[in-house]
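Okay, so here's the structure we're looking at.
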Amino acid sequence: MATFTNAPLDLRKLLQKLAVMFSFSIVCVSILYLLLGRCESDSADSSQNSPMGWYNNKTVLIAPDSLGEDSVDANSSGKDWTATRRLPHALIIGVKKGGTRALLEFLRLHPDIRALGSEPHFFDRHYARGLSWYRSMMPKALNGQIVMEKTPRYFVTPETPSRIHAMSRDIKLIVVVRDPITRAISDYTQIISKTPDIPSFESLTFKNRSAGQIDSLWSPLYIGLYARHLERWLAYFPLSQIHFVHGERLISDPAGELGRVQDFLGLQRIITDKHFYFNKTKGFPCLKKPEGSSKPHCLGKTKGRKHPKIDPEVIQKLREFYQPHNLKFYQMAGMDFGWQ
């Protein structure tokens, strides 16, 4: 009878002991969690302040006003190596048929450059979509990597300089220029590949051929008025932020032109003559080892098309037309491109 009377008492004591042990376990786990969190925080702080090898020696070229809402603060603990989408630090703004595609493909060899392959046409066609949309188009990049894109139409579109300036005053601008006559013929060659039934180059060149009046508003000829377009850009950006790539030398000496572009971007000269070989069939330099491949690579079949033969008399008229424009452009750009 005594055994049954003491049973509830023993059960209560057991439950009290279990409750005490459970409470003590919770306290221990909480203390351990706090200690581990402190250690992790200390570790992250020390890694933030410690050297991070070669990458810490790179120049970080990120415009303060180009950081987006999904960008990473360079001072955030443990976040230095997170790739995010950022607005561009540099733009290839022109010119069409000048060699912009070749330049972009060559620059993508550099480990500190992240370039968008397609042309987004944000500042000339899709500006109403906003900067968030534009940023979403960019490739993800690490801190210290330069984000860039190319849209050759930017150089000749009147609204683009002010729009780009509103995004970033410090952005670096690259313009690939080529003899405007050769450029115009190349442009026309591309046009007839898509619409072969259009009039001849010679007839489109003139408003009135018998009077020798050049149609400067015809797009292939208008793009070559480099001085006129450059004036708009210099109203918003100093010449020091604009780099001109010599289109003819990009073909004859790609490593030299790429070296100057790398200097302009503040990058180490990693792309050198060892990356190129000349393809005699296409008449263009090709890459020995393009990005993500161990095989040689040339630009597509649309590059290096054979140009139609143009009446020499028309070529001479165009030389006379472009000469004063070219001389003014040389003076504005601070370099002589030697176009005849």
Side-chain angles (χ1 to χ4, degrees), residues 92-103 119 121 123-125 150-160 175-233 244-252 281-284 299-333 336-340:
I92 300 174
I93 60 174
V95 296
K96 181 184 179 185
K97 307 309 294 180
T100 58
R101 170 55 60 184
L103 178 64
E119 297 176 5
H121 284 277
F123 294 103
D124 61 334
R125 296 178 186 170
K150 75 106 175 170
T151 302
R153 195 72 190 174
Y154 290 164
F155 188 61
V156 299
T157 304
E159 300 83 8
T160 54
V175 190
V176 189
V177 287
R178 184 182 182 188
D179 183 326
I181 301 173
T182 309
R183 197 222 65 81
I185 297 171
S186 180
D187 200 345
Y188 176 78
T189 304
Q190 184 179 51
I191 293 171
I192 60 174
S193 71
K194 299 175 182 178
T195 52
D197 56 343
I198 67 168
S200 68
F201 180 90
E202 289 87 347
S203 62
L204 292 170
T205 294
F206 297 96
K207 284 183 180 179
N208 185 331
R209 186 167 183 177
S210 60
Q213 188 179 5
I214 302 291
D215 186 0
S216 62
L217 294 182
W218 181 41
S219 179
L221 301 183
Y222 176 74
I223 291 173
L225 301 174
Y226 302 142
R228 182 180 298 183
H229 307 309
L230 182 58
E231 280 181 337
R232 288 195 297 267
W233 291 92
F244 299 98
V245 174
H246 196 304
E248 286 80 12
R249 284 209 297 254
L250 185 61
I251 296 172
S252 63
T281 302
K282 293 185 73 68
F284 280 93
L299 297 177
K301 62 181 181 180
T302 62
K303 307 300 179 183
R305 291 189 188 99
K306 186 176 180 180
H307 291 179
K309 187 170 182 177
I310 307 300
D311 185 342
E313 189 176 320
V314 174
I315 297 294
Q316 182 57 37
K317 289 288 184 183
L318 285 173
R319 284 201 183 106
E320 294 169 3
F321 168 74
Y322 275 119
Q323 184 182 26
H325 296 283
N326 290 343
L327 292 175
K328 185 177 180 181
F329 177 63
Y330 298 168
Q331 185 177 21
M332 293 172 69
D336 186 340
F337 291 87
W339 301 320
Q340 300 298 318

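Computed from heavy atoms alone, side chains included, the values below leave out hydrogens, waters and symmetry copies.
Nearest approach of Thr100 to Pro152, heavy atoms of both residues: OG1-CG, 3.4 Å. For the residue pair Tyr322 and Leu221, the shortest heavy atom distance occurs at OH-O, 2.6 Å. Scanning both residues, Ser210 and Asn208, for their nearest heavy atoms gives OG-OD1, 2.6 Å.
Of the possible polar contacts, one joining the His246 side chain to the Phe337 backbone as a donor-acceptor pair under 3.5 Å is found. A donor-acceptor pair under 3.5 Å links the side-chain atoms of Ser193 to the main chain of Gln190, judged by distance alone. Without hydrogens or angle criteria, Thr205 side chain to Phe201 main chain gives a donor-acceptor distance under 3.5 Å. Proximity of a side-chain donor or acceptor of Arg178 to a complementary backbone N or O of Lys97 within less than 3.5 Å is detected.
In the model, Thr157 has no side-chain atom that pairs as donor or acceptor with a side-chain atom of Thr160 under 3.5 Å.
The salt bridge (charged side-chain N to carboxylate O under 4.0 Å, His left out) test applied to Lys96 returns Asp187, not counting sequence neighbours. A search for salt bridge (charged side-chain N to carboxylate O under 4.0 Å, His left out) contacts involving Arg228 returns nothing, not counting sequence neighbours. Judged as a side-chain contact (heavy atoms from CB on, under 4.5 Å), and not counting sequence neighbours, the contacts of Ile198 are Tyr188, Ile191, Ile192, Thr195, Leu204. With sequence neighbours excluded, no residue forms a ring-ring contact (aromatic ring centres under 6.0 Å, His included) with His121. Shown here are the side-chain contact (heavy atoms from CB on, under 4.5 Å) partners of Gln316, two or more places apart in sequence or in another chain: Arg319, Glu320. By the salt bridge (charged side-chain N to carboxylate O under 4.0 Å, His left out) test, Asp215 pairs with no residue at all, sequence neighbours left out.
Heavy-atom contacts from other residues, nucleotides or ligands closer than 6.0 Å to CD of Glu313 number 12 or fewer. Within a 6.0 Å sphere centred on CZ of Arg232, heavy atoms belonging to other residues, nucleotides or ligands number more than 12. Under a cut-off of 6.0 angstrom, the local environment of CD in Gln323 is sparse, with at most 12 non-hydrogen atoms contributed by other residues, nucleotides or ligands.
Tested against Tyr226, the residues Phe244, Trp339, Trp233 include a single ring-ring contact (aromatic ring centres under 6.0 Å, His included) partner, Trp339.
Between Lys328 and Glu231 there is a salt bridge, since at least one side-chain N of the basic residue sits less than 4.0 Å from a carboxylate O of the acidic one. Ion pair Glu202/Arg209 not flagged as a salt bridge, since none of the NZ, NE, NH1 or NH2 atoms sits closer than 4.0 Å to an Asp/Glu carboxylate oxygen.
Here the side chains of Val176 and Val95 are not in contact, with every heavy-atom distance at 4.5 Å or above.
Ring centroid separation for the pair His229 and Phe329 does not come in under the 6.0 Å cut-off.
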